[in-house]
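Notes follow the structure.
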Amino acid sequence: MDIHKITDSLNNAQHQAVTAPSQAVLVLAGAGSGKTRVLVHRIAWQICQHNVSPHSILAVTFTNKAAKEMRGRIEQLINVPTQNLWIGTFHGIAHRLLRRHAAQAHLPDTFQVMDSSDQLRVIKRILNTLNMDDKTYPPREMQWYINAQKDEGIRAKDIIPYDDPNELQRLQVYESYEALCHRSGLVDFAELLLRAYELLRDNAELLEHYQQRFRHVHVDEFQDTNTIQYAWLRLLTKDKDNLFIVGDDDQSIYGWRGAKIANMFRFQQQYPNHQVIKLEQNYRSTSNILKAANVVIAKNQGRMSKELWTTTGDGELISVYTAFNEQDEAHFVIERIRAWIKSGNKRSETAILYRSNAQSRQFEERLMATGIPYRVYGGLRFFDRAEIKNALAYLRLLSNRHDDASFERVVNTPTRGIGAKAIDDLRQIAREHNVSLWTAATRLNSRAVAGFLQLIHSLSEQAEGLELCDKVELVIKTSGLMDFHQKDKDKGEEKIENLAELVNAAKLFYFDVGNEENLSELESFLTHASLESAEQQGDEAEDCVQLMTLHSAKGLEFNLVFLVGMEEGLFPSGQSVDDVARLEEERRLCYVGITRARAQLYLTYAESRRLYGRETYPRPSRFLRDIPEELVQDVRMQTRVRTTYSTTREEPKVRNAYPSTAPKPVPSSSIARGAYATGQKVSHIKFGAGVVVSCAGEGDKASVIVNFRNVGVKQLMLAYAKLDVL
DNA sequence: CTGACGAACTTTTTT
DNA sequence: AGTTCGTCAG
């Protein structure tokens, strides 16, 4: 194996990281500095240079996509079989451990993983049985509570509720939930991690075994680890310091779901012999973009210092566009994209990034009207669809009759005359005798219920010996799901297609017998469905404009990026502004957003925006003001010169590149009144400079609403207020 | 069981 | 505004 192939292409810092001695290493990797590269080459280096068997290497990521990419790149780099290499998500690895040692983890061999919507259903049901009002105890909050406890490694038995009645109630739910999961052989996502941690913690020989086995442990996106993930890593590596972590404190954007940047500091304390290597050279963006990113993030306190730089030139200035309202914003963005595509660029190289999903609509509408193909990220995933979950629930019942969540899901889907009453009875029996719903059903005297049991029995018999995909097909057809979903008025066709797609997915499913010794093919497929649902998204092949939240943009890059809705209250989110820590996370989010852009970055905001059915007049985001003027070009200012305010109805369908060569279309809501129109820059003796956002009334009663730069929105009567047109 | 209506929401999301 | 969720009547 050619070692040079592994090290030659690296810069100094990368080289240092890849070839660092086997001790704890923290690679502080800025955006676009080649962190995946370092991980991949580090692993390759160990295998080739130090003859480390792939069998003794563990690499943990957060997403399946990242895991897959890493494995692919290692295989590409070195010609060594990597089946023995453990690369996977925290959840995937935890799951694997639990399968191997199910008994020691106190789990049945047939345990199944439940996703968050399954979990929510179970919790709802528990609230119900406990007779708890779901107004005072919203199921979502209970779910959040339980997961938060598990993320911190806290079991119900560890909680001392003191005298707080609320806490007592929540504890009761947590306990019942644990009991039900245990009885049904169900494991939620947080449980996977906690259980895997406890497995190692409580089984000395097992821990010893894995400590011996994994000579090198690697972690990607370390800043996103939560308490239990850290604890688990710590168990595995504490005596050997063989932990190689890559992360960027500035890109920690998941604090709200338990990620702890503090883990990076904890690492430094608990692995005193560690080495820190900073990757600061950026290979993605122009210098101007990096400067802006650096300035924005510099305002955060307590960072591990790090500053991105590049050898490529300044590049274009960052463009800021001030829109009248959200429609104008969308219009502007889409026109720019249109011009960009027209000059020969790929649609998939441009992205519209927003803080919240609700913002996508305006852009979608415009794109649709313009006929530009686009793709919105973050919708329902394939395995999350109701029809798919129904089919999977039948399959789960085939493999485990006592899976209460699945039982309840399909016992009356399609409807077979088992109403709320019958289900209540079942629950009653189940609770009294502490048995599963299935067992309860065998004791209930009901024709309909007996019919359901019979159906499952017969499906089970018929499925015997069939290929996986034939099993799936059998279940879908025989259970009546096919007919049931076909009846859906407007979505029937789509649902049938999805079910067909599920059969197809089963056909394509690769069952790795060697790796899943304890699992049947069906069980393995079901696990795959819960644990890897994300990757099943449709055709990425088509060249599409990309629309997504800032969160989902992490890790991606585009030549042309629009960061839209740069307004106080939106971004930073109104819910974060009064909390320093949350505001810092918003700022990191902004940093993430800016660093997605390779060549060109647009920041846009609207002076007036319809939000929750009301007209709001937000002020420009503080992040916008942080970026120094010399890096920015105000797109609107350029336009101003050419704009005629009297432009009214006949807004031309703009053909030219907008806005530099075309007159700025005035949004229909904007009506000229005398000298004032929305968008007009004005100046007031007392309030200073501002922009007209709305006009009303005529003659003496004419008034305008002005958004002043320094004092915010004011309504002024034209008859009294002295306004100067700028 | 379906459909209709009204109330209550409304940051971010992977596993 | 728009969506989702729960309740109620048919």
Side-chain angles (χ1 to χ4, degrees), chain A residues 60-67 88-96 113-120 124 133-135 138-141 143-144 147 150-151 187-194 196 220-221 224-226 228-229 252-259 326 353-362 377-381 383-384 412-421 484 487-489 527-535 537 548-555 565 569-577 579 582-583 585-586 588-590 592-593 609-616:
Chain A
V60 201
T61 64
F62 276 87
T63 66
N64 290 302
K65 192 173 158 203
T89 62
F90 274 101
H91 294 85
I93 303 274
H95 172 256
R96 201 162 173 180
V113 182
M114 146 174 85
D115 70 21
S116 6
S117 57
D118 299 331
Q119 184 187 30
L120 189 63
K124 276 185 185 161
D133 176 22
D134 51 10
K135 281 281 180 320
R140 286 199 173 278
E141 270 174 36
Q143 181 180 29
W144 190 86
N147 289 336
K150 291 189 181 184
D151 284 348
V187 171
D188 63 52
F189 290 135
E191 183 75 28
L192 281 172
L193 301 176
L194 178 52
D220 189 18
E221 306 270 23
D224 287 336
T225 52
N226 65 25
I228 201 71
Q229 286 160 337
S252 162
I253 55 174
Y254 288 110
W256 51 275
R257 63 175 199 214
E326 72 280 1
L353 309 182
Y354 35 79
R355 176 66 236 266
S356 78
N357 284 309
Q359 287 167 260
S360 75
R361 249 188 79 163
Q362 309 291 340
Y377 283 70
L380 250 198
R381 285 187 298 273
F383 284 107
D384 284 343
N412 199 31
T413 313
T415 48
R416 45 176 74 88
I418 302 173
K421 176 74 176 69
F484 176 71
K487 281 195 216 118
D488 193 306
K489 278 192 201 70
T527 301
H528 167 84
S530 343
L531 234 41
E532 286 172 58
S533 61
E535 263 59 66
Q537 289 222 355
M548 66 189 85
T549 62
L550 287 156
H551 282 89
S552 24
K554 194 170 85 160
L570 248 195
F571 187 35
S573 158
Q575 286 165 69
S576 302
V577 285
D579 179 324
R582 298 177 73 180
L583 199 62
E585 185 151 309
E586 297 280 325
R588 292 192 291 270
L589 199 51
C590 185
V592 167
R609 179 181 296 274
R610 253 200 128 74
L611 209 60
Y612 307 139
R614 320 201 103 186
E615 206 69 41
T616 60

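All chains are named by letter (A, B, ...) in the order of the sequence lines, taking the proteins before the strands, and each is independently numbered beginning at 1. Since this is a predicted model, take the numbers as computed values, not measurements. Worth knowing before you read on, the calculation uses all heavy atoms, side chains too, and leaves out hydrogens, waters and symmetry mates.
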Inset, instruction - Return the orientation label for the A/His551 and A/Tyr254 ring planes: parallel under 30°, perpendicular over 60°, tilted otherwise. - result: tilted

Inset, instruction - Could you check A/Val60, A/Leu193, A/Asp224 and say which one makes a side-chain contact (heavy atoms from CB on, under 4.5 Å) with A/Gln229? - result: A/Leu193

Inset, instruction - Indicate for each nucleotide in nucleotides 8-13 of chain B, in 5' to 3' sequence, whether protein heavy atoms under 4.0 Å reach the base (B), only the sugar-phosphate (S), or nothing (-). - result: --BBBB

Inset, instruction - Using a strict 4.0 Å threshold on nitrogen-to-oxygen distance, state whether A/Arg582 and A/Glu585 make a salt bridge. - result: no

Inset, instruction - Using a heavy-atom cut-off of under 4.0 Å over every strand shown, decide if A/Asn412 touches base, sugar-phosphate, or nothing. - result: sugar-phosphate

Inset, instruction - Rounded to whole angstrom, note down the P distance from C/dC5 over to B/dT12. - result: 15 Å

Legend entry - Salt bridge present between A/Asp115 and A/Arg381 (N-O < 4.0 angstrom): no

Inset, instruction - Give one of base, sugar-phosphate or nothing for A/Arg361, where a contact means two heavy atoms less than 4.0 Å apart. - result: sugar-phosphate

Inset, instruction - Would you kindly compare A/Ser530 and A/Gly417 by the position of their nearest DNA chain B nucleotide and give the one closer to the 5′ end? - result: A/Gly417

Legend entry - A/Ile228 CD1 to B/dT15 C1', straight-line distance once rounded to whole Å: 15 Å

Inset, instruction - Flag the pair A/Glu586 and A/Arg355 as a salt bridge only when some basic side-chain nitrogen lies within less than 4.0 angstrom of an acidic carboxylate oxygen. - result: yes

Inset, instruction - For B/dT14 and C/dT3, measure between their C1' atoms and round to the nearest Å. - result: 24 Å

